[in-house]
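What follows is a set of notes on a single structure, which appears directly below.
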Amino acid sequence: MCGRFYLTAPPAEIRKQFKVQNVPALMPHYNIAPTQTSPIVIAEGKGRELHLARWGLVPPWSRDLSLGARMINAPAAALEERAAYSAPFRSQRCLVPANGFFEWEAHGSKKQPYKIAVRNGALIAFAGLWEKWTPESGDPVETFTIITTAASKLISEVHDRMPVIIAPADYQLWLTASPATAKKLLLPYASGLTITPISERVNNIQNDDVELLLPLSAP
DNA sequence: CCAGACGTTGTT
DNA sequence: GTCTGG
DNA sequence: CCAGACGTTGTT
DNA sequence: GTCTGG
């Protein structure tokens with residue numbers, strides 16, 4: 001699955017990679033957890049916009065935000081079957097910028113965390129869905145979920161699910177094509193990913209520093 | 001038709 | 001809003 | 001995903 | 001053990 005990721009690229013790089021005009025101030029985040037805020041790229045007219053959104057999809061009919069904590073991932077195969085996902089899959093797809101994500105490998109009762117990224121550490125984009133939720137009083141909140149699929153061969157060495165990664169050439173298709181076309185992009189991404197064991201410090205979401213990404217030193 | 005729910009993952 | 005269950 | 005909490009009632 | 005919060 002994908003229950004934790006990181007985004008460290010500076011705003012200028014995000015603007016260039018995703019061809020968005022407006023980029024809000026962004027700090028690097030090395031340990032993004034569900035319910036936290038991170039930028040998403042959505043289609044707006046003929047262009048794209050970067051919005052800050054809360055991780056965990058909260059549909060507009062939801063009574064409160066709490067549902068979001070259980071809607072952090074949407075399995076690709078269920079997008080058209082689940083009531084909560086079918087509407088946003090048709091009209092509110094998004095890209096979730098990231099420099100990588102984390103998975104935990106179960107080793108008996110112990111769990112070893114790994115970071116997964118492309119070989120050169122470049123920006124990637126997860127396939128996502130977004131919604132706007134409006135409280136009875138107060139400002140609307142935009143929320144998102146990350147679509148998951150079966151792990152690629154490499155990733156399956158540590159975990160059996162992974163987020164869907166969209167290649168830059170397919171950004172526009174994912175954002176604006178028909179659902180039938182968009183569905184074809186929901187494949188395990190396999191080119192150039194690396195898996196690196198890292199410290200268990202990543203377990204605690206209060207740790208958010210560059211050292212989380214260091215390879216675990218050999219014992 | 002209306003009422004009621006609306007979610008994923010891993011683990012043993 | 002939209003799907004499932006009765 | 002992991003960490004951390006895990007409870008009710010009445011009152012201001 | 002299971003749920004909530006981040």
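All chains are named by letter (A, B, ...) in the order of the sequence lines, taking the proteins before the strands, and each is independently numbered beginning at 1.
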**Request:** Give the minimum heavy-atom separation between A/Leu26 and A/Val23, together with the two atoms involved.
**Result:** CD1-CG1, 4.2 Å
**Message:** Does the plane of the ring in A/Trp55 sit parallel, tilted or perpendicular to the ring in A/Phe5? Use 30° and 60° as the thresholds.
**Reply:** perpendicular
**Asked** Between the side chain of A/Arg48 and the main-chain N/O of A/Leu175, is any donor-acceptor distance below 3.5 Å?
**Response** no
**Prompt:** Looking at A/Phe18, does the NZ or CZ of A/Arg15 lie under 6.0 angstrom from its six-membered ring centre and within 45 degrees of the ring axis?
**Reply:** no
**Message:** With rounding to the closest Å, how many angstrom separate the C1' atoms on D/dC1 and B/dG10?
**Reply:** 11 Å
**Prompt:** Choosing from C/dC3, E/dG6, D/dA3, which nucleotide comes nearest the side chain of A/Ala33?
**Reply:** E/dG6
**Asked** Separation of A/Ile205 atom CD1 from D/dA5 atom C1', in whole Å?
**Response** 14 Å
**Request:** For A/Arg90, report the nucleic acid contact type (base, sugar-phosphate, nothing); a contact means any heavy atom under 4.0 Å.
**Result:** sugar-phosphate
**Request:** Compare the minimum distances between each of B/dT9, C/dT2, B/dG10 and the side chain of A/Ser86, then state the nucleotide with the smallest one.
**Result:** C/dT2
**Asked** Does the A/Asn22 side chain pair with the main chain of A/Glu49, one donor and one acceptor, at a distance under 3.5 Å?
**Response** no
**Asked** If you look at every strand shown and take non-hydrogen atoms under 4.0 Å, does A/Ile72 touch a base, only sugar-phosphate, or nothing?
**Response** base
**Prompt:** So what does A/Tyr85 touch, heavy atoms closer than 4.0 Å: a base, only the sugar-phosphate, or nothing?
**Reply:** sugar-phosphate
**Prompt:** How is A/Pro113 classified with respect to the nucleic acid when contacts are heavy atoms under 4.0 Å: base, sugar-phosphate, or nothing?
**Reply:** nothing
**Message:** Of the options C/dT2, D/dG4, D/dC1, whose atoms approach the side-chain atoms of A/Ala83 most closely?
**Reply:** C/dT2
**Asked** Taking CD1 from A/Ile198 and C1' from D/dC1, how many angstroms apart are they, rounded to a whole number?
**Response** 12 Å
**Request:** Measure from the side chain of A/Lys111, starting at C-beta and using heavy atoms only, and say which of D/dA3, B/dT8, B/dG10 lies closest.
**Result:** B/dG10
**Request:** Classify the nucleic acid contact of A/Pro34 as base, sugar-phosphate or nothing, counting any heavy atom under 4.0 Å across all strands shown.
**Result:** base
**Message:** I'd like to know if the side chain of A/Asn31 and the backbone of A/Val202 have a donor-acceptor N/O pair within less than 3.5 Å.
**Reply:** yes
**Item:** C/dT2 versus B/dT9 - spacing of their P atoms, nearest Å
**Value:** 24 Å
**Request:** Look at the side chain of A/Ala69 and decide which nucleotide, out of E/dG6, B/dT11, B/dT8, has an atom nearest to it.
**Result:** E/dG6
**Request:** Tell me which nucleotide among B/dT8, B/dT9, D/dC2 gets nearest to the side chain of A/Ala78.
**Result:** B/dT8
**Complete:** Stems field, DNA chain B, Watson-Crick or wobble, 3.5 Å, at least 3 pairs, by first number, holds B:1-6 with C:1-6
**Message:** Heavy atoms from C-beta onward define the side chain here; which of C/dG1, B/dT9, B/dG10 lies closest to that of A/Asn73?
**Reply:** B/dT9
**Asked** Counting any heavy atom closer than 4.0 Å, what does A/Thr35 reach on the DNA or RNA strands: base, sugar-phosphate only, or nothing?
**Response** base
**Complete:** Winner on side-chain proximity to A/Arg82, out of E/dG6, D/dG4, B/dT8, is B/dT8
**Message:** If you assign each of A/Trp61 and A/Thr149 to its closest nucleotide in DNA chain B, which residue comes earlier from the 5' end?
**Reply:** A/Trp61
**Prompt:** Base, sugar-phosphate, or nothing: which does A/Glu103 touch, judged by heavy atoms less than 4.0 Å apart?
**Reply:** nothing
**Request:** Using a heavy-atom cut-off of under 4.0 Å over every strand shown, decide if A/Thr148 touches base, sugar-phosphate, or nothing.
**Result:** sugar-phosphate
**Asked** Which part of the nucleic acid, if any, lies within contact of A/Trp104, taking any heavy atom under 4.0 Å across all strands shown: a base, the sugar-phosphate backbone alone, or nothing?
**Response** sugar-phosphate
**Prompt:** Do the side chains of A/Leu154 and A/Ile195 get nearer than 4.5 Å, heavy atoms only?
**Reply:** yes
**Distance, nearest 0.5 Å, that separates CG of A/Asp139 from OG1 of A/Thr134** = 9.5 Å
**Message:** When the C1' atoms of B/dT11 and D/dC2 are compared, how many Å lie between them, rounded to an integer?
**Reply:** 16 Å
**Message:** Counting only side-chain heavy atoms from C-beta out, which of D/dC2, B/dT9, E/dG6 sits nearest to A/Gln36?
**Reply:** E/dG6
